[in-house]
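For reference, the structure is listed below as structure tokens.
None of these values were measured; they are calculated from a predicted model.
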Amino acid sequence: MPFRRLLLAAAVLVSACNGPELAAQEMSFDSYLQVLKARARAEGVSEATIARMTAGLAPSMRAIELDRAQPGGASGSGFPPLAPYIRDHVDSARISGGQRVMAAEASTLRRIEARFGVPAEILVAIFGHESGYGGVKGNFDLAQALATLAWEGRRRELFAAEFVDLLKVADRGFARSELKGSWAGAFGNPQFLPSVYLRLATDGDGDGRADIMNNRADTFASIANY
């Protein structure tokens with residue numbers, strides 16, 4: 001076995017024994033990606049999905065920059081005052097957008113309200129707040145962003161687990177081009193993390209598929225299930 005491959009095999013073994021933290025600290029992005037692939041493989045992701053979701057991956061410096069700009073913990077007195085938050089987030093555009101969605105999707109919303117017991121107005125409000133009624137879902141390649149943040153290491157285990165869960169989502173038949181979202185991994189109309197999708201995404205129209213990116217019935221049912 002060539003020396004380089006021997007080193008990689010040793011690194012993967014170290015990762016298996018000690019978790020991804022130790023391995024990533026001393027590995028290039030490409031080498032750490034092999035650790036993530038091995039983890040996905042061990043958790044049942046198909047080889048075809050692993051290949052298509054990792055082809056050509058390189059670190060996203062923008063994702064690292066945005067992650068490092070996040071606060072490290074709570075500061076000040078805790079939660080910000082509620083009134084300014086409502087003033088900034090409940091504006092005329094969200095109100096009128098919500099009214100349009102309520103009118104256009106009335107029958108679907110009432111059916112899902114009856115199924116889950118969550119008021120239609122709450123479902124639409126969350127839809128509007130999370131993605132502007134589907135207009136602002138993010139355009140980061142989720143595979144690249146999550147692999148980058150797992151490798152970078154500020155919150156390594158969180159992002160390593162979300163990366164593997166993203167591949168599990170892709171394994172259900174979603175193209176990589178569909179799996180775009182925020183730099184931190186949230187995607188679709190309700191901005192679910194991959195782990196949340198796997199736990200709670202729900203088929204809302206009976207077609208056997210929970211498409212929270214494009215399908216409003218699935219979006220409302222998934223929010224209600226959440």
TODO: Could you walk me through whether E43 and K37 pass the salt bridge (Lys or Arg N to Asp or Glu O under 4.0 Å) test, one step at a time?
DONE: CA-CA 10 Å; E43 295 189 23; K37 287 181 180 181; over 6 Å; no
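- Remark: the backbone N or O of M27 is not paired with any side-chain donor or acceptor of S31 at under 3.5 angstrom.
- Surrounding CZ of F29 are more than 12 heavy atoms belonging to other residues, nucleotides or ligands, all under 6.0 Å away.
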- [ ] Please lay out, stage by stage, how R216 and D205 fare under the test salt bridge (Lys or Arg N to Asp or Glu O under 4.0 Å).
- [x] CA-CA 9 Å; R216 284 189 173 181; D205 60 4; over 6 Å; no
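- The CD atom of E162 sits 8.5 Å away from the CG atom of L198 when rounded to the nearest 0.5 Å.
- Residue pairs meeting the ring-ring contact (aromatic ring centres under 6.0 Å, His included) criterion with at least one partner in residues 203-223, sequence neighbours excluded, are F127-F220.
- Taking the charged nitrogens against the carboxylate oxygens, R154 and E65 have no contact shorter than 4.0 Å, which rules out a salt bridge.
- Under the side-chain hydrogen bond (donor to acceptor under 3.5 Å, both in side chains) criterion, the residue pairs touching residues 132-146 are D141-R176, with sequence neighbours excluded.
- Between the side chain of D218 and the main chain of G204, a donor-acceptor pair closer than 3.5 Å is present.
- With respect to the salt-bridge test (charged N to carboxylate O, under 4.0 angstrom), the residues D165 and K168 qualify.
- For residues 177-192, the side-chain hydrogen bond (donor to acceptor under 3.5 Å, both in side chains) pairs, not counting sequence neighbours, are N189-T219.
- A donor-acceptor contact shorter than 3.5 Å links the side chain of S222 to the backbone of T202.
- The side-chain heavy atoms of L123 and F116, taken from C-beta on, include no pair separated by under 4.5 Å.
- Residue pairs satisfying the side-chain hydrogen bond (donor to acceptor under 3.5 Å, both in side chains) criterion with at least one member in residues 84-101, sequence neighbours excluded, are listed as follows: Y85-H129.
- For residues 44-61, every residue pair satisfying the salt bridge (Lys or Arg N to Asp or Glu O under 4.0 Å) rule, not counting sequence neighbours, is listed here: R41-E47.
- Both L149 and V35 are assigned to one and the same hydrophobic cluster, defined by single-linkage of ILVMFWY side chains at heavy-atom distances under 4.5 Å.
- Sorted by first and then second residue, the ring-ring contact (aromatic ring centres under 6.0 Å, His included) pairs involving residues 90-114 (not counting sequence neighbours) form an empty list.
- Considering every non-hydrogen atom in both G44 and D171, the closest pair reads O-OD2, 3.9 Å.
- F174 carries R209 over the face of its six-membered ring, with the cationic atom under 6.0 Å from the centre and within 45° of the normal.
- Here the two rings, on F187 and F140, have centers that are 6.0 Å apart or farther.
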